[in-house]
2 protein chains.
Amino acid sequence: MTRDTGTASKTSAAAANTGPRYLRIQRMLAGRIESGAYPVGSLMPTESDLGEEFATSRFTVREALRCLTEDGYVERRQGMGTRVISLRPQRRYHQSFESLQELFQVAVDTTMVVLGDQPVVLDGELAERVGGRAGERWIRIDGVRWTAPGGRPICYIQSYVPERFEALVQQFAEHRGPFFDLLERRSGAAIEEVQQEIRAVEMPLAIARQLGLPAGAASLQLLRRYVTAGAILIASFNWHIAGEMTYKMRIRRGRQQPD
Amino acid sequence: MTRDTGTASKTSAAAANTGPRYLRIQRMLAGRIESGAYPVGSLMPTESDLGEEFATSRFTVREALRCLTEDGYVERRQGMGTRVISLRPQRRYHQSFESLQELFQVAVDTTMVVLGDQPVVLDGELAERVGGRAGERWIRIDGVRWTAPGGRPICYIQSYVPERFEALVQQFAEHRGPFFDLLERRSGAAIEEVQQEIRAVEMPLAIARQLGLPAGAASLQLLRRYVTAGAILIASFNWHIAGEMTYKMRIRRGRQQPD
DNA sequence: GGCTCGGATTTGTCCAGACACATTTCGGCA
DNA sequence: TGCCGAAATGTGTCTGGACAAATCCGAGCC
């Protein structure tokens with residue numbers, strides 16, 4: 001070891017030479033990756049080698065490599081080594097949700113009134129939109145969400161579920177909370193992904209009438225597909241009255257170095 | 001230490017008793033949190049205590065606690081301890097972007113035509129929407145994005161930037177690519193967060209005319225605020241022609257618990 | 001009362017090892 | 001030639017320490 005962390009550090013290049021040892025090493029290694037010294041696709045030196053080079057223990061090198069992994073620079077596998085997979089920290093931006101309820105963005109104490117359900121056979125266009133295949137038999141459930149029983153309408157909902165959930169559809173009417181929640185619980189399959197599409201469309205006549213609006217009223221249409229391992233659990237169209245609904249999201253930059 | 005990791009493990013409860021030591025401890029601690037043995041808001045036992053209880057080293061306990069931190073169960077601070085912040089594994093869902101261009105969702109080879117710019121003083125409502133304060137002086141830049149020079153219009157854009165970027169506004173017209181990109185580069189401040197609001201609105205008359213649409217045409221309005229450390233870099237309203245634009249997003253479940 | 005200044009406590013960083021486990025490579029054997 | 005097992009290689013897990021840095025709390029002082 002050379003000197004110490006705290007004593008002779010703040011004199012020279014203040015930025016690069018401060019902080020814990022493993023972070024300094026992490027920065028150095030990141031620099032080598034970005035400069036091409038460790039090309040993308042190649043294997044980095046082993047932990048032992050790096051430890052020797054930086055005159056430090058394997059523990060410290062591992063901490064540095066752990067950071068590189070989390071930042072997306074490298075990929076590590078036991079028995080194989082540390083492979084460079086990206087040249088850049090990939091300044092990642094992401095939006096995170098504590099739960100799918102947040103994605104929902106509708107207060108939980110609103111009430112859903114189910115208008116009815118009916119079997120449908122998907123045609124080409126519908127199949128594409130709900131994420132099924134043309135010719136498959138699904139069930140469509142129609143409903144309206146209200147601010148409160150007898151209150152103002154919030155949106156019109158058309159949900160499509162595969163026929164195999166037929167037995168559960170009856171429970172939709174008395175279920176409080178979103179359908180995907182019930183389906184996820186009963187089917188036992190965890191929702192792995194949600195695909196959402198947002199558009200502005202003129203509200204179909206029948207729907208506008210249900211919401212007490214004139215024909216051709218503008219609406220915000222949300223389409224959500226809830227996907228478990230491979231299969232669609234439920235796909236849902238929501239028509240929100242224009243102006244009544246704002247879909248808000250915050251996208252944040254991921255994990256930056258402390259500086 | 002009791003016996004070993006590999007020998008007498010797979011006999012009993014196969015699920016809970018396998019895997020590395022730190023993961024078993026992590027599962028046990030998570031169980032205690034979920035069962036309320038460690039209430040939310042309280043401090044957990046210290047690393048040393050846990051190490052003593054599980055008859056293991058502090059390193060192993062730290063690995064377990066690191067997992068709990070990543071899963072969102074606890075929060076750790078030097079000198080204070082490990083505080084329970086959540087009862088549940090917080091099955092997190094998130095949407096990630098490799099870059100802000102992805103958020104943009106408009107092909108990069110479209111062309112932006114700047115119509116002009118003018119200083120504005122924010123009134124209360126505008127201030128709230130662009131993220132400034134009432135009375136502040138900002139600059140509004142109007143423009144239209146086209147599929148190609150002389151092609152079809154895609155959307156009308158009103159961007160607001162604080163007055164301090166006045167000198168950069170002239171460069172907007174000949175800049176290719178999004179404005180935030182230019183501002184981020186020139187100001188040197190990294191965009192930390194983007195706030196986005198999506199609504200369906202009737203297009204204002206003046207805007208509809210610019211896009212060659214009848215008055216009152218439905219549109220998808222996107223409002224994006226690009227935030228650097230504390231300050232708004234630019235806020236942008238985009239009016240997309242209804243039906244022409246679909247905002248798509250995929251939200252995926254992050255790192256699932258072993259269960 | 002309000003302030004500062006030391007401990008005591010607790011997590012953060014770090015060391016020098018050890019064995020387990022996964023992967024690749026290579027030599028031996030059929 | 002082709003297959004299989006063993007050795008080499010490298011990361012994963014783990015021990016039992018050590019000191020540093022942040023935080024909290026109480027004692028003492030103004």
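Just the heavy atoms: all of them, side chains too, but no hydrogens, waters or symmetry mates, feed the values below. Every chain is numbered from 1 and lettered A, B, ... according to where its sequence line falls, protein lines coming before strand lines.
Nearest-nucleotide positions on DNA chain D place Tyr22(B) closer to the 5' end than the other of Gly79(B) and Tyr22(B).
We find that CZ of Arg66(A) is positioned 11 Å from P of dT13(C), with the value rounded to whole Å. Rounded to an integer number of Å, the gap from Met44(A) CE to dT9(D) C1' is 17 Å. dT13(C) atom C1' lies 17 Å from atom CZ of Phe54(A), rounded to whole Å. The nearest whole Å value for the distance from the CZ atom in Arg76(A) to the P atom in dC21(C) is 19 Å. To the nearest angstrom, P of dG10(D) lies 13 Å from CD of Glu52(A). If you measure from atom CG of Leu50(B) to atom C1' of dT11(C), you get 13 Å, rounded to the nearest angstrom. Atom CD in Gln78(A) sits roughly 13 Å away from atom C1' in dT24(C) (whole-Å rounding). If you measure from atom CG of Leu43(B) to atom P of dA22(D), you get 19 Å, rounded to the nearest angstrom.
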Requested in this report: Check the pair Glu47(B), Arg76(B) against salt bridge (Lys or Arg N to Asp or Glu O under 4.0 Å), reporting the backbone distance first and the verdict last.
Outcome: CA-CA 11 Å; Glu47(B) 296 177 351; Arg76(B) 294 154 60 68; 2.5 Å; yes
Query raised in the report: Can you list the steps and then say if Glu197(A) with Arg225(A) is a salt bridge (Lys or Arg N to Asp or Glu O under 4.0 Å)?
Result: CA-CA 9 Å; Glu197(A) 296 184 10; Arg225(A) 290 187 286 263; 3.1 Å; yes
Requested in this report: Please test Arg66(A) against Glu63(B) for salt bridge (Lys or Arg N to Asp or Glu O under 4.0 Å), starting from the C-alpha separation and ending with a verdict.
Outcome: CA-CA 12 Å; Arg66(A) 191 199 293 261; Glu63(B) 280 295 314; 2.8 Å; yes
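Near-neighbour residues of DNA chain C inside residues 56-65 of chain B, defined by a heavy atom below 4.0 Å, number-ordered: Arg58(B), Arg62(B).
Under the rule for a ring-ring contact (aromatic ring centres under 6.0 Å, His included), the partners of Tyr160(B) that lie at least two apart in sequence or sit in another chain are Phe237(B).
Contact between the side-chain N/O atoms of Arg21(B) and the OP1/OP2 oxygens of dG12(D) is not found at any separation under 4.0 Å. At least one side-chain nitrogen or oxygen of Arg77(B) sits closer than 4.0 Å to the OP1 or OP2 atom of dT23(D).
Checking Thr110(A) against Arg145(A) by side-chain atom types alone, a donor-acceptor pair falls below 3.5 Å. For the residue pair Glu34(B) and Tyr73(B), a side-chain donor N or O sits within less than 3.5 Å of a side-chain acceptor on the partner. Side-chain contact of Tyr247(B) with Gln196(B): a donor-acceptor pair under 3.5 Å is present, judged by distance alone.
Contact annotation for Ser48(B): no contact, since no heavy-atom pair falls under 4.0 Å across all strands.
Taking the side chain of Thr82(B) as heavy atoms from C-beta on, and the options dT13(C), dT13(D), dT11(C), the nearest nucleotide is dT11(C). Checking dC14(C), dT10(C), dT11(D) against every side-chain atom of Thr46(B), the shortest atom distance belongs to dT10(C). Set against dC14(D), dT23(C), dG12(C), the side chain of Pro20(B) has dC14(D) as its closest nucleotide.
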